[in-house]
Peer 1: 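This is the structure I want to talk about, given as structure tokens.
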Amino acid sequence: MGKNISAQTIGIVMLEIKYVRQNLSEVQKSLENRGETADLETFTNADGDRRAILLEIEDLRHRRNIVSDEIAKIKKQGKNADGLVSEMREVSAKIKELDNSLAENEKKVNEILIALPNLPHSSVPVGKNSSDNRVEKQVGKCPDFDFTPLPHWTLGENLKILDFERAAKITGARFPLYMGAGARLERALISFMLDIHTTEHGYKEVLPPFIVNRNSMTGTGQLPKFEEDLFKLEGWDYFMIPTAEVPVTNIHRDEILEEAMFPIMYTAYTPCFRSEAGSYGKDTRGLIRQHQFNKVELVKFSTPEDSYDELEKLLHDAETILKRLDLAYQVVLLCSGDLGFSAAKTYDIEIWMPAQNVYREISSCSNFESFQARRANIRVRRKGKKRTELVHTLNGSGLAVGRTVAAILENYQQADGSVVIPEALRPYMGNMERITP
RNA sequence: GGAGAGAUGGCCGAGCUGGCUGAAGGCGCUCGCCUGCUAAGCGAGUAUGUGGUUAAAGCUGCAUCGAGGGUUCGAAUCCCUCUCUCUCCGCCA
């Protein structure tokens, strides 16, 4: 039957091909706002050729289908159909030939489409980089110290709860080793976050695989563009997850969901693995930028009309954790140039880190609209409607656990070098009130 | 790791000596009828993607029976490769 056509293969793209075709200049402009470029001219040409060829192929196939039936009938009557057979032999050869050039054009089209980032939502400010992000609000009070606050890595080492030296021996740079109360603190935070999201916010807890296949990575947009950011298993086409977003969003890959199920809300704790390619020399100390870190993730599947409401709720759910821990933070709306590849709109939550005197990202909450759903083929069937629709997917950290530990250490440190445990967390720490050397 | 079996529509399950089979049958579901209520019964409909046409319903082309490739005028059916599932043995947390 020759090549599998376009429908399926072309379907695996981020932006809808039809939309790109019909809104070239708008797509172009969105790309510029993101600081991206794409060869849309090549796209237009290849796409045009592709469609023309496809039309011809379908025509030929139509004819072959009909004639093949005739041949069957003729043969059934015991008559000779050699003429038609040899004619169809040629038709089939022609189809095969066209299939090849179709595949070529398809490949070109696909390569361009799959590398196109999502279009920013209209509420996203246009800007070049993180300096153009908009601070939406600041919450909580940054602590005043009557001494010079220490960075968390110094605190952690002094308290013997973080041991970067031995971690480097065991593995290498950028891996964490928590000891004693530090390990307990990490585990307490995971439980604390999961409990709040499941019992108060209505998320269903899932524990997914930490290693996924190529299709899953492509579905959420990590592949094919960002393979160098991932750890890949040697000898396997498997990857360590950089975030729970990947396995959890892919739970419903290639599924048609019922409208009544929405919104679907999952929360998952997983470790996350990132190669951090290109970040040499950045955040070399402490828990901020590790190859392995823990995160509690929030993932939502929404109907298109509700997804932006769901984004606000998601942001709220992530903020709740920081409020309970009584940590100061700000919410930042990312500008077009700082937006991630798959996202249409993103809020970052940034936590106050007193030792460095800066806010650091601790959560990133995004609406991907139909970008991931198109790649991962996740749809909804409306009540009474025949056609299916792509869902919208969202996710956000709720929260990055290692960075939360870092924030607690720095914000709750005392003059004597001890660290007070936030009250909300004490039940999870065996009622421990303070970590002392 | 060794030996075997399998992968079909929302589900179960035929077809697999190649040709009106996009796919029997059953279940489920939807709509209609009927019944005083419930249950049962009767009738019709019920995959996905993509293109054409239409105001729309609809009609219609092409593709899809795990994935990819091959043979053939024609493949769910034959051949090859891969993936996954199941059973038995081995090994192991």
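Residue numbering restarts at 1 for every chain, and letters A, B, ... go by the order of the sequence lines. Just so you know, these numbers use all the heavy atoms, side chains as well, and skip hydrogens, waters and symmetry mates.
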Peer 1: Can you tell me which nucleotide in B:G61, B:G19, B:G51 comes closest to the side chain of A:L55?
Peer 2: B:G51
Peer 1: Would one find a side-chain N or O of A:R379 under 4.0 angstrom from OP1 or OP2 of B:G49?
Peer 2: yes
Peer 1: Examine the side chains of A:N118 and A:E369 and answer whether a donor and an acceptor come within less than 3.5 Å of each other.
Peer 2: no
Peer 1: Taking the nucleotide of RNA chain B with the closest heavy atom to each, which residue, A:I66 or A:L84, is nearer the 5' end?
Peer 2: A:I66
Peer 1: Once you apply a heavy-atom cut-off of 4.0 Å, does A:K75 come out as touching a base, just sugar-phosphate, or nothing?
Peer 2: base
Peer 1: So, do A:F192 and A:Y428 have ring centers that fall under 6.0 Å from each other?
Peer 2: yes
Peer 1: OP1, OP2 of B:C73 versus side-chain N and O of A:K96: anything below 4.0 Å?
Peer 2: no
Peer 1: Would you please confirm or rule out a distance under 4.0 Å between OP1 or OP2 of B:G51 and any side-chain N or O of A:K18?
Peer 2: yes
Peer 1: In plain terms, say whether A:E227 and A:R214 are close enough for a salt bridge, that is, a side-chain N and a carboxylate O under 4.0 Å apart.
Peer 2: yes
Peer 1: Under 4.0 Å between a side-chain N/O of A:R381 and OP1 or OP2 of B:U48, yes or no?
Peer 2: yes
Peer 1: Out of B:G19, B:U48, B:G51, which nucleotide sits closest to the side chain of A:I256?
Peer 2: B:U48
Peer 1: Taking only the side-chain nitrogens and oxygens of A:N65, find out if one of them lies under 4.0 Å from OP1 or OP2 of B:A63.
Peer 2: yes
Peer 1: Can you tell which of B:G19, B:C73, B:G61 lies closest to the side chain of A:A72?
Peer 2: B:G19
Peer 1: How does RNA chain B look in dot-bracket form if you count Watson-Crick and G-U pairs under 3.5 Å, write [ ] for pairs that cross, and put | where a base pairs with another strand?
Peer 2: ((((((((.[[[..)...(.....]]]((((((.......))))))(((((((....))))))).[[[[[..)....]]]]])))))))....
Peer 1: Any ion pair linking A:E245 and A:K295 (charged N to carboxylate O, less than 4.0 Å)?
Peer 2: no
Peer 1: Using the P atom as the point on both nucleotides, what is the distance between B:A76 and B:A23, in whole Å?
Peer 2: 12 Å
Peer 1: Spell out yes or no: do the side chain of A:E58 and the base of B:G51 have one donor N/O and one acceptor N/O closer than 3.5 Å?
Peer 2: no
Peer 1: Could you tell me whether A:E228 atom CD has more than 12 heavy atoms of other residues or ligands within 6.0 Å of it?
Peer 2: yes
Peer 1: Any side-chain N or O of A:S86 under 4.0 Å from OP1/OP2 of B:C73?
Peer 2: no
Peer 1: Assess whether atom CD of A:E305 is packed by more than 12 heavy atoms of other residues, nucleotides or ligands within 6.0 Å.
Peer 2: yes
Peer 1: When you measure from the side chain of A:K73, which nucleotide among B:G61, B:C84, B:C20 comes out closest?
Peer 2: B:C20
Peer 1: For this output row, return yes or no: ring centroids of A:F210 and A:F273 closer than 6.0 angstrom.
Peer 2: no
Peer 1: Does some side-chain heavy atom of A:S397 sit less than 4.5 Å from a side-chain heavy atom of A:E297?
Peer 2: yes
Peer 1: Report which part of the nucleic acid A:D59 touches: base, sugar-phosphate, or nothing (heavy-atom distance under 4.0 Å, all strands).
Peer 2: nothing
Peer 1: What nucleic acid atoms does A:T388 come within less than 4.0 Å of, heavy atoms only: base, sugar-phosphate, or nothing?
Peer 2: sugar-phosphate
Peer 1: When you measure from the side-chain N and O atoms of A:H62 to the phosphate of B:G61, is any distance below 4.0 Å, counting only OP1 and OP2?
Peer 2: no
Peer 1: Among B:A63, B:U48, B:G51, which nucleotide sits nearest the side chain of A:R61?
Peer 2: B:A63
